[in-house]
Amino acid sequence: MTMNRKLYFLLGISFTVGLVIVLIYGLFYSSRPGEIPSAQLQKTAKSFQATTFDGQAISLEQFRGQPVILNFWASWCVSCRQEAHIIEAAWQQYGDEGAVFIGIAINDTREASLGFIRRYGKTYLLAPDDKTGTISLDYGVTAVPETFLIDKTGVITEKVLGAISRKTIDSFLSGQL
Amino acid sequence: MNTRKLVLFLIGIGFSGLLFGSEDMENRVREIAHKLRCPTCQAMSVKESDAGLSLNMKQRIRELLEEGKSEDEILQFFEERYGEWILRSPKKEGISLLLWTLPGLIILVTILILIKYLWKKSRDTVGIDTSPLSKAELRQIENDLKQL
């Protein structure tokens with residue numbers, strides 16, 4: 001085998017191996033539909049104003065200096081039922097310590113949202129998004145439930161897709177309170 | 001009578017302007033929505049999807065167009081919030097640029113290798129050996145010449 005042939009052979013082998021590695025990575029490691037990257041992570045949370053279902057005007061700015069658990073939910077969402085008690089229980093425990101819990105209902109009717117609130121005994125700050133879903137679009141929400149953990153400096157440190165666990169809330173707040 | 005016809009004519013023009021204007025707006029909304037991925041059902045575009053978030057996105061596109069935003073500005077608006085994956089055609093830069101150009105590069109390199117191989121083969125077929133003669137060959141030639 002001449003030197004040139006050896007070189008071409010090695011190049012061919014390296015290229016094929018490289019291509020197979022890229023293929024395996026792409027198929028099994030890089031693409032995880034359940035873990036959509038958020039463009040909002042490690043960025044200052046976008047400010048918003050809302051009026052809660054009981055008529056209280058709130059703005060994210062007023063909670064600067066406090067950790068915020070911002071949850072997007074809807075009455076028609078099955079996983080939202082699963083996490084409803086978890087969030088309420090965490091609010092009951094950490095609310096007095098300064099943690100803020102906000103639930104924004106998206107793509108839902110007011111009556112259905114109110115029914116859900118009553119059924120699951122939710123008492124933290126709960127407000128509907130507007131008709132265009134301004135708040136959820138600003139946060140790049142992909143589905144409900146989705147929760148953003150905002151630290152005391154107003155930076156989004158984590159996004160949870162699907163029902164949030166008590167462990168995640170405890171772990172986040174233990175470093176914030 | 002003429003004044004009445006003129007007024008009706010002008011109202012007609014105004015009404016058709018509104019009608020076509022809104023149709024044009026909807027076409028632009030659809031064009032932009034086609035370039036965005038549905039956040040909930042990612043195999044579809046926002047245009048094709050009837051998911052709540054996609055409907056909100058279409059409404060937002062409409063509002064941004066009414067505010068006078070260009071298509072690029074609107075796509076950027078969603079990219080800032082969702083990340084580049086929300087665009088159905090990734091930008092041709094960074095790793096995406098490599099993925100876009102790699103197939104072309106592979107074809108080009110293959111063609112070049114093929115040309116080089118064919119050129120070398122055709123040159124070898126002509127059979128011109130320009131390498132210096134070995135001692136044995138020289139001796140053979142000398143012997144042949146002596147025999148002449």
Side-chain angles (χ1 to χ4, degrees), chain A residues 2 4-5 7-9 11-12 15-16 18-19 22-23 25-26 30-46 48 72-77 104-109 112 128-146 148 156 159 161, chain B residues 29 32-33 36-44 46 49-67 74-87 90-91 95-96 98-99 102-103 105-110 112-117 119-121 124:
Chain A
T2 64
N4 262 355
R5 275 192 172 185
L7 188 71
Y8 284 135
F9 180 73
L11 274 174
F15 182 74
T16 312
L19 216 58
V22 169
L23 195 70
Y25 176 77
S30 96
S31 176
R32 289 183 188 176
E35 288 178 21
I36 301 162
S38 172
Q40 303 301 317
L41 284 183
Q42 304 309 325
K43 286 185 185 167
T44 302
K46 283 195 165 54
F48 64 83
F72 291 91
W73 63 280
S75 66
W76 42 264
C77 144
I104 302 290
I106 63 172
N107 294 117
D108 211 355
T109 62
D129 202 349
D130 63 15
K131 279 182 184 170
T132 332
T134 305
I135 306 172
S136 52
L137 287 182
D138 273 350
Y139 278 78
V141 171
T142 58
V144 278
E146 209 165 287
F148 292 82
I156 298 172
K159 180 190 96 163
L161 184 61
Chain B
V29 169
I32 298 171
L36 293 165
R37 196 180 304 282
C38 164
T40 316
C41 38
Q42 289 158 42
M44 295 169 96
V46 167
S49 166
D50 282 330
L53 284 164
S54 290
L55 295 177
N56 290 349
M57 284 170 81
K58 276 182 256 197
Q59 181 57 31
R60 199 59 194 267
I61 293 168
R62 202 169 288 120
E63 285 174 4
L64 290 167
L65 282 170
E66 280 164 3
E67 284 172 24
I74 295 171
L75 293 176
Q76 200 186 337
F77 172 90
F78 287 104
E79 192 192 341
E80 273 171 17
R81 284 153 180 79
Y82 283 91
E84 202 185 323
W85 66 266
I86 202 76
L87 306 175
K91 286 176 167 179
I95 191 79
S96 300
L98 184 73
L99 291 173
L102 204 60
L105 268 174
I106 291 171
I107 292 170
L108 192 72
V109 169
T110 311
L112 285 174
I113 289 172
L114 200 68
I115 288 172
K116 197 182 170 190
Y117 171 77
W119 180 73
K120 194 170 178 284
K121 204 179 172 191
D124 288 349

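Everything numeric here is computed off the predicted structure, so don't read it as measured data. Every chain is numbered from 1, with letters handed out A, B, ... down the list of sequences.
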Tell me, side chain or backbone of Lys46(A) under 4.5 Å from chain B's heavy atoms, or both, or neither? side chain
Identify, with sequence neighbours excluded, every residue that meets side-chain hydrogen bond (donor to acceptor under 3.5 Å, both in side chains) alongside Ser38(A).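 None.
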Which heavy atom of Ala39(A) sits nearest a heavy atom of Gly83(B), and at what distance? CB-N, 3.4 Å
Where do Tyr82(B) and Val141(A) come nearest, in terms of heavy atoms and distance? OH-O, 2.7 Å
Asn56(B) pairs by side-chain contact (heavy atoms from CB on, under 4.5 Å) with which of Ile106(A), Asn107(A), Asp129(A)? Asn107(A)
Test Thr132(A) against every option in Arg62(B), Glu63(B), Met57(B) by the side-chain contact (heavy atoms from CB on, under 4.5 Å) rule and name the one that passes. Glu63(B)
Spell out, as yes or no, whether a donor-acceptor pair under 3.5 Å connects the side chain of Thr40(B) to the backbone of Thr142(A). yes
Residue list, side-chain contact (heavy atoms from CB on, under 4.5 Å) with Ala45(A), at least two apart or on another chain: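 Applying side-chain contact (heavy atoms from CB on, under 4.5 Å) to Ala45(A) gives Leu60(A), Tyr139(A), Ile150(A), Ile156(A).
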Which distance, rounded to the nearest 0.5 Å, do you find between the CD of Gln59(B) and the CG of Asp130(A)?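 One finds 10.0 Å between CD of Gln59(B) and CG of Asp130(A).
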Distance, nearest 0.5 Å, that separates CD1 of Ile106(B) from CZ of Phe15(A):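 With rounding to 0.5 Å, CD1 (Ile106(B)) is 3.5 Å from CZ (Phe15(A)).
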Quick one: what part of Ile86(B) sits under 4.5 Å from any heavy atom of chain A, side chain, backbone, both or neither? neither
For Glu80(B), is it the side chain, the backbone, both, or neither that has a heavy atom closer than 4.5 Å to a heavy atom of chain A? backbone
Considering only heavy atoms and a distance below 4.5 Å, find which of Gly52(B), Cys41(B), Pro39(B) pairs most often with chain A. Pro39(B)
